[in-house]
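Sequence lines set the chain letters: A, B, ... in the order given, protein chains first and strands last, and positions in each chain run from 1.
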There are 2 protein chains.
Amino acid sequence: MSQKKIRNMEEFAAVSGISRPTLSKYFNDPESVRKSTRQRVEDALLHYDYRPNFYAMNQNRRTTRNIGIVVPYLADPFFTEIGRAVEVKCIEAGYSPILLSSHGNPDQENDNLEALRALKPAGVLLAPLGRASDKGAITKFSTEVPLVLFDANIEDTGEAFVGTDNFQSVDLMVEYLCRSGQPPCFFEMKSPSNPNANKRRQAYFESMARQGHEAHVFQAEGEGWDFEEIGSSEGGQLLIDNAFPTNTVLCSNDRLAIGMLAAAYKNDIKVGLEPDASMRIAGHDDHPFSKFTCPPLTTISQDYAAIADRAVSTLFGIIESDSKPATRKESLFDGKLVMRDSA
Amino acid sequence: MSQKKIRNMEEFAAVSGISRPTLSKYFNDPESVRKSTRQRVEDALLHYDYRPNFYAMNQNRRTTRNIGIVVPYLADPFFTEIGRAVEVKCIEAGYSPILLSSHGNPDQENDNLEALRALKPAGVLLAPLGRASDKGAITKFSTEVPLVLFDANIEDTGEAFVGTDNFQSVDLMVEYLCRSGQPPCFFEMKSPSNPNANKRRQAYFESMARQGHEAHVFQAEGEGWDFEEIGSSEGGQLLIDNAFPTNTVLCSNDRLAIGMLAAAYKNDIKVGLEPDASMRIAGHDDHPFSKFTCPPLTTISQDYAAIADRAVSTLFGIIESDSKPATRKESLFDGKLVMRDSA
DNA sequence: AATAAAAATTTACGCGCGTAAACTTATTTG
DNA sequence: CAAATAAGTTTACGCGCGTAAATTTTTATT
């Protein structure tokens, strides 16, 4: 590595013996120059410490290679993992992902989109907050930037949606629970912020009807993202009150189930499949911690990899064809039953 | 909001009746213009949709208002929370934080610093991976960008360090455990990636000596960030083997403890303070899930708010004085004992 | 009201790179 | 090997804003 500091592309052109416009082409897409030229550039890069100025690079380009990724709540490991999966796919495709969290707050979601707008991103992958989202703002945003939604759907918003087929996944779980014991009750938040929750309730109703059982839905008061706390306090109270007509509860998501399991433990209500257990509790999402609950949680795993892959490839299809698809496409992937000890 | 699209600061100057250099001053620091002028600008902003071009703005400035925040592993809610606390402080100070995760990988840590370097940030807050970190790369980075470390210290690296006083916090826990029952054994990873782990082991030794008890350290094989898994498998085996000479175990961090609690449950080993319990298990960090373990985990909470506040204010001190402090300063905050049911 | 000080305006240049046009050189093809 | 094509070079301009200098206007001070 030479000592000489390279200040700009002009200087790098001088020392490398390659013209500046060709260097510009190379840095925008190394494949766009002849192999021998590419080799010369890369040799020179080994000898001189130079990187194009990020700001100058992006200033004149209509569209950058930045991809915005917005998740509703990064402190939830579920979103950390799916956000990460999406991030990796972007990097593999040669884009620069920028991961932002809305922290459960619709204003923050709007701020995030606004901040991204200033970056003139090539596209944005958004897992919206759901009910609380400012649909108007998101729709307006999507007129300016290619936008693909994932995890949570908002009708007619964005160019496409990628997520899990809640009807398939919940049916799978209900079918299993009915087959292996008493039919499940359903436990959820009263005003779920996430639209998947509504789908799951609906799926529960339909599935129970198909199985020929009566549906029993229990809804917890409380707002926000403090699911474990709500599962523990409200779900725990339902357990104590013996409010569930069957011994089996399907929670709308793992975090509620984690809270409920903690409450069950505290109140000496044994959960699981063993003969001395009095309840079965199941969840949905295969949260990273559900493996370590007491007992380990039976749940549904979402296909992170497939969702991330499809979301990213859909977005890149739009970016690279430079045209929005005629019809908004929804891709739904199947969930898988993860059988552990809680149900 | 007028329909007219404002393309640049020139046009916004025309419609607002304020000269472009004054606008430039305003956007760089609204306080730097007279109040009446500020009002006129802000009135105009209500009528016209204009934001300075992010890339053009930063191109000519020696230093931007971007702050890089790098955490070792965003899928760990502990880091999500402290990262978030730091982020909020930056926003309050009028800077733009960019949160990056190293995903437990030193190459990624270097990539993150490299990516940040291209953004010419005003400063960077780094929670390093620890042992695995490329100390040379970080030191070199800190010659170019003001750098404050937090959470995990690396000797003589960066302008300052802010974290928890492990000697205080572990002593607090050991003292409590000794006072309330049998003295604790210590459970940790054999090759901890995080330097706090080494401090905590050392603190355990010293504290046990002070209490006049023999120290017993148990180290789990295994690398990486899959702490719960390691706590469950290796810690669980130690429980089964009755390997601990006392009935009390202090885990180096909550995630190990969470795994160990899961293993104890699975093996019908009752943990807690009740008469029929055979073990006590404690953790460190007050992980967001430690409230929902079975039983709820007794642990040490770190003072997130104080750490975030000090880290950010230290960095801004350096940025605003435009000079590195003569001596590297280390700020340590006390942990607090969080008594729950596990110990 | 006269003067000093502060703030805004006018004018002008440059940052580092994208990119277009005209031209030259290298490679491919029949 | 000549013609056709692809790739690289030279030259030049502009993006949107930071910023400096000289000037004018506004505000504060006595």
Can you check whether [X] has a side-chain N or O nearer than 4.0 Å to OP1 or OP2 of [N]?
X: B:Ser19; N: C:dT9; value: yes
X: A:Asn8; N: C:dG16; value: yes
X: B:Tyr50; N: D:dC17; value: yes
X: B:Thr37; N: C:dA8; value: yes

| query | Quick check: are there more than 12 heavy atoms from other residues, nucleotides or ligands sitting under 6.0 Å from NZ of A:Lys135? | reply |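 Count over threshold, so yes.
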| query | Got more than 12 heavy atoms from elsewhere within 6.0 Å of CZ, A:Arg7? | reply |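 Not buried by this count: 12 neighbours or fewer within 6.0 Å.
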| field | Approximate separation, where rounding is to 0.5 Å, of B:His103 NE2 and B:Asn112 CG | value |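 Going from the NE2 atom of B:His103 to the CG atom of B:Asn112 covers 7.0 Å.
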| Under the 3.5 angstrom rule, does the side chain of B:Arg20 hit a backbone N or O of B:Glu10 as a donor-acceptor pair? |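 A pair under 3.5 Å: no.
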| message | I need the single residue from B:Leu126, B:Ile138, B:Thr139, B:Leu129 that forms a side-chain contact (heavy atoms from CB on, under 4.5 Å) with B:Ile154. Which is it? | response |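 It is B:Ile138, the one option of B:Leu126, B:Ile138, B:Thr139, B:Leu129 that forms the side-chain contact (heavy atoms from CB on, under 4.5 Å) with B:Ile154.
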Once you round it to whole Å, what is the distance between [atom2] of [N] and [atom1] of [X]?
X: A:Leu23; N: D:dG8; atom1: CG; atom2: P; result: 11 Å
X: B:Lys120; N: C:dC17; atom1: NZ; atom2: C1'; result: 13 Å
X: B:Met9; N: D:dG16; atom1: CE; atom2: P; result: 12 Å
X: A:Ile18; N: D:dT9; atom1: CD1; atom2: P; result: 7 Å
X: A:Tyr26; N: C:dC17; atom1: OH; atom2: P; result: 15 Å
X: A:Tyr55; N: C:dC17; atom1: OH; atom2: P; result: 14 Å
X: A:Arg7; N: C:dG14; atom1: CZ; atom2: C1'; result: 14 Å
X: B:Asp29; N: C:dA7; atom1: CG; atom2: P; result: 12 Å

Would you list the protein and nucleotides 19-21 of chain C atom pairs, both N or O, that sit under 3.5 Å from each other?
{"unit_1": "C:dT19", "atom_1": "O4", "unit_2": "A:Arg20", "atom_2": "NH2", "d": "3.4"}

| query | With a 3.5 Å cut-off and no angle check, do the side chains of B:Glu42 and B:Tyr26 form a donor-acceptor pair? | reply |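 Their side chains do contain a donor-acceptor pair, which is all the 3.5 Å distance test asks for.
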| field | Toward the 5' end of DNA chain D, by each residue's nearest nucleotide, B:Asn53 or A:Ser32 | value |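 Its nearest nucleotide being more 5', the pick is A:Ser32.
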| SB check B:Lys89 B:Asp309 (cutoff 4.0 Å) |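 Looking at B:Asp309 together with B:Lys89, the answer is yes, because their closest N to O distance falls below 4.0 Å.
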| query | Salt bridge or not for A:Arg117 and A:Glu114, using N-O below 4.0 Å? | reply |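 Yes, charged N to carboxylate O under 4.0 Å.
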Name the pairs: protein N/O against N/O of nucleotides 22-30 of chain D, kept only if under 3.5 Å.
{"unit_1": "D:dT26", "atom_1": "O3'", "unit_2": "B:Arg34", "atom_2": "NH1", "d": "3.4"}

| request: Using the ring pair (Phe, Tyr, Trp, His ring centres under 6.0 Å) rule, take B:Phe78 and B:Tyr304 through it: C-alpha gap first, then chi angles, then the decisive distance, then the call. | output: CA-CA 9 Å; B:Phe78 173 79; B:Tyr304 290 164; 5.6 Å; yes
